[in-house]
Every structure is written in C-alpha cells, then in structure tokens.
Asks: 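Take a look at the following structure, please.
Order of listing sets the numbers, starting from 1, for every ligand and every atom in it.
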Amino acid sequence: MRTQIDKAHDLAERFGGWKDGVLAPGGVKVSDIAAEHGTPFYLYHGEMIVDRVRRVREALGGDVEVTYSVKANPNLAVTQVIAREHLTGAEVASSGELVVARTAGFEPEDIVFAGPAKTDEELEMAVREGIFAVNVESVNEINRLAAVAERHDKNIGVGLRINPAQQLMGSGMRMGGTVGQFGLDEADLEEAVRRTLAHPEHMTLRGIHVYTATQVFEVDPLIEHCRNIFELALKTADLAGRPLEMVDFGGGFGVPYFEKLEEFDLERFGAGFQELLAHYRTDPRLEGCRFVFELGRYLVADAGLYVTKVIDVKDMKGKTFVTTDGGMNHHLTATGNMGQVFRKAYPILNLSRSPGEGEPVALAGPCCTPLDMFGTNIPLADPEPGDLVGVFYSGAYGFSASNLGFLSHPNPAEILIWQGEARLLRPVGKPEDVLKGQEALV
Ligand SMILES: *Cc1c(COP(=O)(O)O)cnc(C)c1O
C-alpha cells in the first residue's frame, strides 16, 4: 500500500523528476514559473494528459469511443490539447462548456450534452450546433427539445439518460437505483421512447446514456454494471423497434487521491469490457452502434499540480501551522470541501526542499474559516516562508470547481507545460479584479 508521500513522489517523477528542491516538468523549473508569473497557480502537463488519453483508448479497444467530460477541467487550452489528439469526443453539461468544446475543435457529431435543468436557450444552442445527442433527463425535456427543434426546423439526436432500476453494490458504492434529479426513471423508459419517436421530423433516437457513479475503483461491479447497460440498450431497441446508434456507459473511473486508495485497474477493466462487447455487439439491435465512455477526472487529474507559496509558519501548543497564499478559495476539492464525507489530504510536497519527510504539520489556506485546511498531518519537509508547496492530482475539479470569489483574494494563474514550454493561459488576478463586472452606486 503506497502512502501519500509515495504517491507524491511518483507524481513528481512523472512531472519530470524532483531533486534538490527542483521540479522541472518539460525542462521548465517550477520555481522559475513562480518567479515570473507569481503564485498561486495551476500547472497542467499537456503531455501527461495526452499519454493518459492514449492509454485509455488502448485499454478499451479501438472501437470504443471516449468523450472528455469538459466540466472536469474546462480550461480552453487543456481542452484543445485533448481535442487535437482526435481520440475523443466531448461531453458537455452547459452552454458554456459547449462553447469551450466547439472552440477547442471538437466536431458537433462528437459532442453529447447531458445535465439536469437544461434551459430552452441551451437546447436551442445544441440544436443549432447539430450535436450528436442531447442526453435528456426527463420526459418533459423531450417535449421541450422537440418544440425547439421544430421551431428551428432541424433534427436533433436524442439520448435517453436512464437512472437504472437495478442496483449494484461494490464496497458500499451505489451505482444506480437511487432517487435524484439525474436521468429518467427506468420505469418511464417506454414513455420516453414513445415521445421521442413521436417527432420523426425533428428527433432521432440515438440510444441510451447511464452515468450514476464517480470515483469507481472496483472493476468487477463496474463490468456487471456495463452488462446491465447492454441489457437496457437491447430493451430500449425493442421498445423502439429499431437498432440503437449509441450506448453511453458513463465512466467515473477513480483517481486515488487519498490514503488507502490504489489505482483503478484500467487494463483489467478494458479486457473485461472488450469481452462483454464481443458478446453483445453482434446483436442486430446494436448494429453500427457507437459505444461510448465519458471520462473527466481520469483523463486530467494526475496531470495537474496546484502550487501555492508558504506565507507563515507558527507553532501552537506543539502543533506547527503552515499557511499559504491559496486554499479552499482556489482548490475547494483539495481542502475536502466538495462533498467529501471524511476529509483527507491529497499528496502534497514542499517543492522547495529535497525529498524526505518532515514533521507532520497543519497546512491551511488564507481564508478566514477553519474549513480552509489542506490537511492537519502533512509531512512537509522543513517549511519556511517563501517555499513552494505542490498539491498533486489537481488537474480536475480545481479552478472551475472552487468558490473563487470567497474572501476576494486574487485568482490563481493557469499555466500549461506543452512541448517544453510553460504557457501562461490565465494570469494571476489582481486585487482590483474584485470590482470587475460590478456597478457602483452613483
Ligand atoms: C461529471 C460527469 C462525468 C465525469 O465524471 P468523472 O468522475 O470526472 O469522470 C461524466 N458524465 C456525466 C454525465 C457527468 O455529469
């Protein structure tokens, strides 16, 4: 079982090696980036993202498609790095993400749009762009989408996002069968198929979509889950009286952020899935069908590093507190504030020192709440003001998932290491930015 420090060292190694206080991804020193652009910043490693995308495609087999879930990291250049590989499509969950996906270079026929509460304006944009499928989440949404398509005299692809009746349990992980705002109840499937087929001029039933879990590590329950989705697809094809064009299996492959979590076994899952696919794909009801996985964090999390500067170090009753210039305001998930039940620390290193464990410290951000804490027992080597602290696994659900306005600190920068260069994607914010977009009283 690898400790958090082992994981941090592995990740630093993949970021280009770390020694004598020097981490230099793609040959660019992180300390030089900090000196030039200031702190805090998100650093994304383009080549690591590309490697991961290729590995996933290889493991799943050439015929299985992957879409990038833009919400994991909607940064334009990061999305471009993925789009330019031509190995994935895009899964978007808002009109803004659709703008990012199109601007990054994804073709409409490779884009699907899921998400509860899509507005008419968002549906309109999907229709105008002519994306492959709007994954509808309710019977009502089918009717609204039909009305929008009719108004624009277009035909739009429809995927039925189903919340399956069958529950699968893997180490307490609940996959479907829950009650929530996502997807159509499986009990409403027949009705949903009927309503979709009622508008042949303006709607094409592409198939089904099931996404019910994230942070999945257990391979066998996930394969069973996929078998269920195949069965659900056949049932849908029977109800429709025609073959399906898309089965979207969701994804949710896990990233081992925390202690006691080990890597998701991608190769074993891929082999198991390919076996399953070989069994089902010859069914005429799935002839010519696109088989899709949608992945967010698994593609980008390990390729991101959040770098923040130590501002203060103090001892209080035998406990050392280290504070930094960024925290929950920039990186909500790494401070355990995005839905985590048990708050645990990410792999974290003092990048300004040499490898080696220090005494455990409490590492806190600048926000005036005890919630702003990266961890209370982080073995940070010899922290001193001015040191650079690196929070690994920060490529997904970082910048865009944080409450950037809280406490009105400047925003962090976003920087991409790509082809041996550090490219500034977004500069560190300024104190005056807090006034942007606001109207003063006159
Ligand atoms: C968020 C989301 C994803 C991506 O989830 P990850 O856990 O980041 O892989 C995929 N599909 C849908 C519908 C989502 O909402």
Asks: Among all protein heavy atoms in this structure, tell me which lies nearest to atom 1 (C) of ligand 1, with the distance rounded to 0.1 Å.
Replies: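 Closest protein heavy atom to atom 1 (C) of ligand 1: Lys71 NZ, 1.3 Å.
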Asks: Going by the atom numbers of ligand 1, which of them fall below 4.0 Å from some non-hydrogen atom of Thr214?
Replies: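 Ligand 1 atoms under the 4.0 Å threshold to Thr214: 6 (P), 7 (O).
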Asks: Of the non-hydrogen atoms in Lys118 and Phe113, which two are nearest, and what is the gap between them?
Replies: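 Heavy-atom minimum between the residues: CE-O, 3.4 Å.
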Asks: When you measure from atom 4 (C) of ligand 1 to every protein heavy atom, which one gives the shortest distance, and what is it?
Replies: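 Of every protein heavy atom, Ser69 OG, 3.4 Å lies nearest to atom 4 (C) of ligand 1.
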Asks: Would you mind finding which of Phe182, Phe253, Tyr211 brings a heavy atom closest to atom 5 (O) of ligand 1?
Replies: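 Nearest heavy atom to atom 5 (O) of ligand 1 lies in Tyr211.
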Asks: Polar-atom distance check: Glu294 versus ligand 1, any N or O pair below 3.5 Å?
Replies: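 The answer is yes, given that Glu294 and ligand 1 share an N or O pair closer than 3.5 Å.
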Asks: With ring pair (Phe, Tyr, Trp, His ring centres under 6.0 Å) as the test, pick out the partner of His331 among Tyr346, Tyr393, Phe406.
Replies: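 Single pass found, and it is Tyr346.
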Asks: Determine, for Tyr298 and Arg52, whether the Lys NZ or Arg CZ falls below 6.0 Å from the six-membered ring centre while staying within 45 degrees of the axis.
Replies: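 Yes, Arg52 lies over the aromatic ring of Tyr298.
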Asks: Would a line drawn from the ring center of Phe392 to the ring center of Tyr257 be shorter than 6.0 Å?
Replies: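 Centroid separation for Phe392 and Tyr257: 6.0 Å or greater.
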Asks: Check each atom of ligand 1 against the heavy atoms of Tyr397 and keep those under 4.0 Å away; list them by number with element.
Replies: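 Numbered from 1, ligand 1 contributes 1 (C), 4 (C), 5 (O), 6 (P), 8 (O).
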Asks: Tell me whether the NZ or CZ atom of Arg290 lies within the 45° cone about the ring axis of Phe132 and under 6.0 Å from its centre.
Replies: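 Ring-cation test returns yes.
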Asks: Within the structure, does Arg161 bring an N/O atom to less than 3.5 angstrom of an N/O atom in ligand 1?
Replies: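 By distance alone, the answer is no.
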Asks: Please check whether Gly296 reaches ligand 1 - meaning an N/O of the residue sits under 3.5 Å from an N/O of the ligand, judged on distance alone.
Replies: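 So ligand 1 has an N or O lying under 3.5 Å from an N or O of Gly296.
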Asks: What do you reckon, does Gln215 have a nitrogen or oxygen under 3.5 Å from a nitrogen or oxygen of ligand 1?
Replies: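 Between Gln215 and ligand 1 (N or O atoms, distance only) the closest approach is not under 3.5 Å.
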Asks: Does the side chain of Leu239 come within less than 4.5 Å of Leu189's, by heavy atoms?
Replies: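 Yes, at least one pair of side-chain atoms sits under 4.5 Å.
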Asks: Looking at Arg281 and Asp63, is there a salt bridge between them, counting it only when a charged N and a carboxylate O are closer than 4.0 Å?
Replies: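 Looking at Asp63 and Arg281, the cut-off is met.
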Asks: Counting only nitrogen or oxygen atoms and a 3.5 angstrom limit, does Arg297 reach ligand 1?
Replies: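 Arg297 vs ligand 1: N/O contact under 3.5 Å present.
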